[in-house]
Amino acid sequence: MEDKLNKIVSLCKRRGFIFPGSDIYGGLSSIWDYGPLGARLKKKIKDIWWKTYVEERDDIVGLDSSIIMHKDVFLASGHLSGFVDLLVDCPNCKKRHRLDKILKISEEIYKCPDCNVDIDINKNKPRKFNLMFKTNVSATEDEPIDAYLRPETAQGIFVNFLNVLDTTHKKLPFGIAQIGKAFRNEVTSGNFIFRMKEFEQMEIEYFVNPQEAEEFYRYWVNERYEFYIKKIGLRKENLRLREHSKEELAHYAKACSDIEYNFPFGFSELEGIANRGDFDLKEHSRVSKKDLSYFDEKTKTKFIPYVIEPSSGVDRTFFAVICDAYYEEKVKDETRIVLKLKSDLAVYEVAVFPLLKNKSQLVEVAKNIFYGIKDKISSCYDDTAAIGKLYRRQDEIGTPFCITVDFKTLEDKTVTIRDRDTMLQERVSIDKIIDFLKERLGR
Ligand code: GAP
């Protein structure tokens, strides 16, 4: 399984999906950059989410709030005091670990995962470490004004609740959705893009009447689970739901379920769906002294809505998509690596090649085909290697179809179109390419 993780990291770097952050300076732990193909795939994931929840529904509106936020936001949210990890240092190898992530032998004794030595927490006292990144928004260093990078996009939604309500006149139940960066100074590294210091979330805060909170909580758990299967194309057997025990709940949550994906290192959280109760709006009302309650015209009552929060990670969804689509197949004694991506997530829907790059007639026809289809079908053109290598490249990035222009094309104006999954090739006349591909892509 470790092997699969290494293979995926290597594929992502080799093909330009993901690079280590600040790579030429030796990288930074738990910081990653998305390359040309990664940026495209990531955008597709976000677009599907946004279209599903903001564009296709009339009960959810979008928001794009700032990353840097007032320190009082986090006083109210509880992050300043409560968003901490307990860290312990191994007395032997000196490595620092999160106490909740290492093996507990007894109440006092933990096991160092690196050198296997016992860590006695009476002698090596665990220390609290706040995960938020602090910054200074003052113009001078002598009079700093503290602010923080948001550790979740959710807080940008809560502080804008009143602005959105006043400008959209939405009635309960309604949601505010946001996609954006969040920052946490995570100590545990490894596992590729699973846990990063800078990552992206897709969050909805869905405001409801408190009496309907349980019903909407169940609705969102189911809705989000189905989303990963139907819209993202993850295999059902690689997904599972896990309800949090009372002890595990975050300080704000009344209930929470995780959607877990079977990553190469085992089932781990892909998304959390929480019933946050009225914690956030109540605390922001108290600290900001602004009334964040809602007036219900039907019952003529005023109350603080409850909020149901489906909170998904863009990067973890990306990671799950790659893991789910990754296949190795034996083809004539060679191993073919292929990403069997759902066609609407594939970076390109089709690639166009000339059979030989030094035959100018083939190159010219292939380029004409590419320029003729690229605004209707997402396409790329490649003539930088031999045909076998070009197919392998496209298989590895998950392109569903490859068009090859060969000598027969010059005679009868037909090309071969190769299917990524079956590797079968069909001859199609040039003027039918778009219809053929649209039909095969299910458009
Ligand atoms: N607003 C609620 C919230 O932030 P969370 O469980 O801490 O809840 C939600 O985060 C989702 O954000 C996670 O399920 C995960 O997909 C993603 N996420 C959280 N921390 C992350 C990290 N350090 N790196 C990558 N993704 C992360």
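The figures here come from the full heavy-atom set of this structure, side chains too, leaving out hydrogens, waters and symmetry mates. First listed ligand is number 1; within each ligand, the first listed atom is number 1.
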- Query: Looking at residues at least two apart in the chain, or sitting in another chain, which of them share a side-chain hydrogen bond (donor to acceptor under 3.5 Å, both in side chains) with Lys282?
  - Reply: Asp278
- Message: Strictly below 4.0 Å, N to O, side chains only: are Lys51 and Glu55 in salt-bridge contact?
- Response: no
Run the side-chain donor-acceptor check on residues 374-381: report pairs under 3.5 Å with partners two or more places apart or on a different chain.
from: Ser378; atom 1: OG; to: Glu349; atom 2: N; distance (Å): 3.2
from: Ser379; atom 1: OG; to: Ile377; atom 2: O; distance (Å): 2.5
from: Tyr381; atom 1: OH; to: Asp383; atom 2: OD2; distance (Å): 2.9

- Item | Glu396/Arg392 ion pair, N-O < 4.0 Å | no
What short N/O contacts, under 3.5 Å, does ligand 1 make with the protein, listed by atom pair and distance?
from: ligand 1; atom 1: 1 (N); to: Glu152; atom 2: OE1; distance (Å): 2.5
from: ligand 1; atom 1: 1 (N); to: Glu203; atom 2: OE2; distance (Å): 2.5
from: ligand 1; atom 1: 1 (N); to: Arg276; atom 2: NH1; distance (Å): 3.4
from: ligand 1; atom 1: 1 (N); to: Glu309; atom 2: OE1; distance (Å): 3.3
from: ligand 1; atom 1: 1 (N); to: Glu309; atom 2: OE2; distance (Å): 2.8
from: ligand 1; atom 1: 4 (O); to: Arg184; atom 2: NH2; distance (Å): 2.9
from: ligand 1; atom 1: 4 (O); to: Gln201; atom 2: NE2; distance (Å): 3.0
from: ligand 1; atom 1: 6 (O); to: Glu269; atom 2: OE2; distance (Å): 2.9
from: ligand 1; atom 1: 7 (O); to: Arg184; atom 2: NH1; distance (Å): 2.8
from: ligand 1; atom 1: 7 (O); to: Arg184; atom 2: NH2; distance (Å): 3.0
from: ligand 1; atom 1: 10 (O); to: Gln201; atom 2: NE2; distance (Å): 3.4
from: ligand 1; atom 1: 12 (O); to: Gln201; atom 2: NE2; distance (Å): 3.2
from: ligand 1; atom 1: 14 (O); to: Glu269; atom 2: OE2; distance (Å): 2.6
from: ligand 1; atom 1: 14 (O); to: Leu270; atom 2: O; distance (Å): 3.4
from: ligand 1; atom 1: 16 (O); to: Leu270; atom 2: O; distance (Å): 2.8
from: ligand 1; atom 1: 16 (O); to: Gly313; atom 2: N; distance (Å): 3.1
from: ligand 1; atom 1: 20 (N); to: Arg184; atom 2: NH1; distance (Å): 3.3
from: ligand 1; atom 1: 23 (N); to: Glu186; atom 2: OE2; distance (Å): 2.9
from: ligand 1; atom 1: 23 (N); to: Met196; atom 2: N; distance (Å): 3.3
from: ligand 1; atom 1: 23 (N); to: Met196; atom 2: O; distance (Å): 2.8
from: ligand 1; atom 1: 24 (N); to: Phe194; atom 2: O; distance (Å): 3.4
from: ligand 1; atom 1: 24 (N); to: Met196; atom 2: N; distance (Å): 2.8

Show me the side-chain donor-acceptor pairs of residues 27-36 shorter than 3.5 Å, one per line, residues at least two apart or across chains.
from: Trp32; atom 1: NE1; to: Phe192; atom 2: O; distance (Å): 3.3
from: Tyr34; atom 1: OH; to: Asp315; atom 2: OD1; distance (Å): 2.6

- Decide, yes or no, whether a salt bridge links Lys302 with Asp296 under the criterion of side-chain N to carboxylate O below 4.0 Å. no
